[in-house]
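These numbers come from the heavy atoms of this one structure, side chains and all, not from hydrogens, waters or symmetry mates. Letters A, B, ... mirror the listed sequences (proteins, then strands); counts begin at 1. What you see is a predicted model, and the numbers here were worked out from it, not measured in a lab.
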Amino acid sequence: MAEVQLKNIKKVYPFVSGEKKVKKKKADEPEKKKVNLQITNEGVVAVQAFNLDIKDKEFIVLVGPSGCGKSTTLRMVAGLEEISGGELYIDGKLMNDVAPKDRDIAMVFQNYALYPHMSVYDNMAFSLKLSKVPKDEIDKKVREAAEILDITQYLERKPKALSGGQRQRVAIGRAIVRAPKVMLMDEPLSNLDAKLRNEMRAEIIKLRKRIDTTFIYVTHDQTEAMTLGDRIVIMRDGYIQQIGTPQEVFNHPANLFVAGFIGMPVMNFFDANLVREGKQYFVEVDGFKVELSPEKEERLLANDVQSQPVTLGVRPEHTDVTEQGIASKVEVAEMMGSSVHLHLDANGKDVIVIVPTIDMKESYKQGDTVHFSFKGKVAHVFSKETDKNLEF
Amino acid sequence: MDSAKTSPAPVKKKGRWLKKLRENYPFLVMIFPAVLVVFLFNYLPIYGLLIAFQDFMPGDPILGEYTRWVGFDNFTRFFNDVQFWPLMSNTFLLCIFGFIIGFPLPIIVALLLNATKSRRTAKILQTIFNGPHFISLVVMVGMLTLFFGRYGLVNNIIAAIGGERVSYFLQSSAFRPMYILSSNWQDFGWSAIIYVAALSNVDPGQHEAAILDGATRWQRVLHVDLPAIMPMVSVMLIMSIGGLMGVGYEKALLMQTDGNLGVSELIATYVYKQGLTGVPDQAYATAIGLFNSIINVVLLIIANTTSKRFSENSLW
């Protein structure tokens with residue numbers, strides 16, 4: 001159990017000899033980007049300006065697309081990657097140059113990283129043996145952890161005789177026997193099939209309650225992030241995009257990227273105009289008027305936002321097929337069981353609408369003309385220039 | 001139910017075999033030259049082993065009207081040969097000492113190369129270590145002469161500091177150290193390749209997990225690297241034991257002098273001398289060679305059975 005503070009953390013991978021350095025750029029020339037990494041004269045910048053205060057016993061999830069720097073950040077906390085700049089504190093102590101074993105952390109890896117020649121028992125006991133913990137204490141701790149994870153019957157088996165889910169339990173068991181101050185998890189469920197992943201996600205929630213420590217969890221799966229995290233850190237290109245509770249980032253995405261990344265199916269975006277009439281705001285899109293919630297109006301007013309062209313974001317679940325509304329053609333109708341996801345073409349724009357099966361009056365076919373409108377006053381408005389949510 | 005009637009008739013075994021043959025014929029064509037070479041040079045000569053049981057004269061047909069079969073006479077003659085025990089002990093001692101030093105050396109080298117922080121340094125070192133393997137035996141023994149001959153580098157240094165020149169090639173006690181150390185020097189890098197390759201397959205995550213578990217560099221070698229190459233070590237151990245008595249004659253013959261003959265005469269050199277020099281006695285030489293091969297086969301079976309019993313690794 002510990003607080004973790006990351007202050008202005010930066011990670012730069014220097015060029016290895018033989019690699020060409022970037023030519024000196026002109027003053028107005030933007031930083032060169034390759035894929036989604038920043039390439040500078042120092043090297044490839046994987047993480048920068050990373051500031052985060054993690055409270056004691058908090059469950060933090062770092063989420064973002066591949067290459068956004070989330071695993072690199074976790075590995076810097078673990079001590080497996082050198083920190084190029086900034087400061088890392090665990091329980092108030094500066095950890096930048098402290099060896100991984102002395103940081104009192106444990107880590108669960110994506111590919112389990114179990115020792116194949118050791119039994120499950122020995123895998124779990126290894127760190128304690130190295131720390132010269134008395135044998136009977138090791139036995140007690142290993143059996144306790146095995147009990148929590150329901151793997152007692154597999155203690156004598158080798159990892160290769162276990163299924164993926166069982167191996168992941170062993171990997172978690174190996175981490176929890178040490179009763180670490182901070183538990184790090186690097187995409188621990190991504191090697192499991194969908195059903196097992198759901199089961200293990202529930203197991204992690206239960207486990208979190210039992211072992212009651214600080215968690216830093218990395219995933220690219222926003223469902224995992226939303227269900228597990230007390231707070232979510234959304235990253236892109238090495239920068240933090242937004243930090244907030246799952247509800248906050250879902251209801252008030254900081255920018256277009258977060259809005260598009262969080263939520264499944266992805267948010268629909270439209271070119272629109274924000275109109276301010278005194279203290280009232282509304283959005284005009286394709287000749288239709290979209291009202292905003294009083295909470296959003298207050299935020300816009302607080303920021304003194306004026307009328308302007310904006311990108312309107314509305315989630316598919318807040319979009320409805322109606323008699324009147326924006327006309328569109330059905331491209332694909334995906335039957336999801338309790339609902340149908342309609343992929344529509346609205347004047348060249350892709351729009352997704354979720355129609356609950358129970359409300360469906362007719363089945364939809366490709367080429368059908370339908371009208372859609374927005375419900376629930378949950379539209380988001382983003383600046384055309386900066387992609388930022390105008391609420392912030 | 002008439003499902004049995006509607007189900008397709010079982011495909012005949014012969015039909016399946018032909019189908020497989022049709023499907024895989026490109027692979028069979030590709031493997032054919034290798035099979036032919038192995039057959040011609042490894043299996044066909046086995047026929048010649050028959051002369052070990054004959055009173056064979058060079059030029060005689062192996063199987064003909066006048067073949068004189070003598071049973072195990074050639075073997076009995078070797079067992080009663082005054083050279084039998086010296087040959088056995090010389091071969092055994094040279095091989096066992098060579099094995100004791102030569103078997104673990106590449107493993108240690110591979111583990112050290114793998115533990116080297118700089119990949120570039122490790123690659124350079126590995127290339128340097130592989131170099132001596134490509135030196136021919138004649139050049140190798142020539143180098144030994146240049147270093148350890150009466151007027152070689154070592155003796156020049158000894159003489160320069162006032163010592164007396166020593167003829168290492170004439171001394172029995174110097175033969176085995178020179179033979180074994182030079183062989184290992186020549187081959188340790190080459191033999192390490194297979195272990196380096198096996199080590200490159202170790203999941204880096206295991207090392208990271210071990211670092212977080214608090215393992216030191218040495219403990220990681222012991223608990224992550226070594227177990228990862230153990231299956232390969234087992235296979236190489238079985239094969240090494242199988243070939244323990246199979247030392248070649250060339251290097252020993254090149255290093256042989258009247259002074260060290262007492263320790264440098266091996267089964268292989270004796271077979272060469274009996275079969276190809278002086279008045280050749282090829283039947284006797286074949287019998288000795290066959291006896292040597294049988295020892296190797298027995299050792300291979302023992303090693304494989306032992307490995308199978310005590311570990312999960314074996315050749316068959």
Taking atom [atom1] of [X] as the centre, does the number of heavy atoms from other residues, nucleotides or ligands within less than 6.0 Å exceed 12?
X	atom1	value
A/Tyr13	OH	yes
A/Glu147	CD	no
B/Ile294	CD1	yes
B/Phe99	CZ	yes
A/Glu144	CD	yes
B/Trp316	CH2	yes
A/Arg210	CZ	no
B/Phe134	CZ	yes

> Would you say B/Glu208 and A/Pro100 make side-chain contact, with heavy atoms under 4.5 Å?
Replying inline: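 In short, these two side chains do not touch, never coming nearer than 4.5 Å.
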
> So, do B/Ile211 and A/Lys101 sit near enough that their side-chain heavy atoms are less than 4.5 Å apart?
Replying inline: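 No - every pair of side-chain heavy atoms lies 4.5 Å or more apart.
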
>> Any salt bridge linking A/Arg178 with B/Asp213? Criterion: basic side-chain nitrogen under 4.0 Å from a carboxylate oxygen.
In response: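 Salt bridge flag = yes for B/Asp213 with A/Arg178.
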
> Can you say whether A/Leu128 sits under 4.5 Å from chain B via the side chain, the backbone, both, or neither, judging by heavy atoms?
Replying inline: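 For A/Leu128, no heavy atom lies under 4.5 Å from chain B.
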
> Relative to chain B, which segment of A/Arg103 carries a heavy atom at a distance below 4.5 Å: side chain, backbone, both, or neither?
Replying inline: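 No part of it gets close to chain B.
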
> Quick one: of A/Ala175, A/Ala106, A/Pro116, A/Gly79, who has the most non-hydrogen atom pairs under 4.5 Å with chain B?
Replying inline: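 With the most close heavy-atom pairs to chain B, the winner is A/Pro116.
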
> Any chance the rings of A/Tyr115 and B/His223 have centres within less than 6.0 Å?
Replying inline: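 No, the ring of A/Tyr115 stays outside the 6.0 Å limit from the ring of B/His223, centre to centre.
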
> Where do A/Ala113 and B/Asp203 come nearest, in terms of heavy atoms and distance?
Replying inline: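 Minimum heavy-atom separation between A/Ala113 and B/Asp203: CA-OD2, 4.0 Å.
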
>> Using every non-hydrogen atom in the two residues, find where B/Leu212 and A/Ala78 come nearest and quote the distance to one decimal.
In response: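 Taking B/Leu212 first and A/Ala78 second, the nearest heavy atoms are CD2-O, 3.6 Å.
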
>> For B/Ala228, which atoms come within 4.5 Å of any heavy atom of chain A: side chain, backbone, both, or neither?
In response: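 Contact with chain A: none, neither part.
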
> Atom CD in B/Gln206, atom OH in A/Tyr112: separation rounded to 0.5 Å?
Replying inline: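 So the CD of B/Gln206 and the OH of A/Tyr112 are separated by 13.5 Å.
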
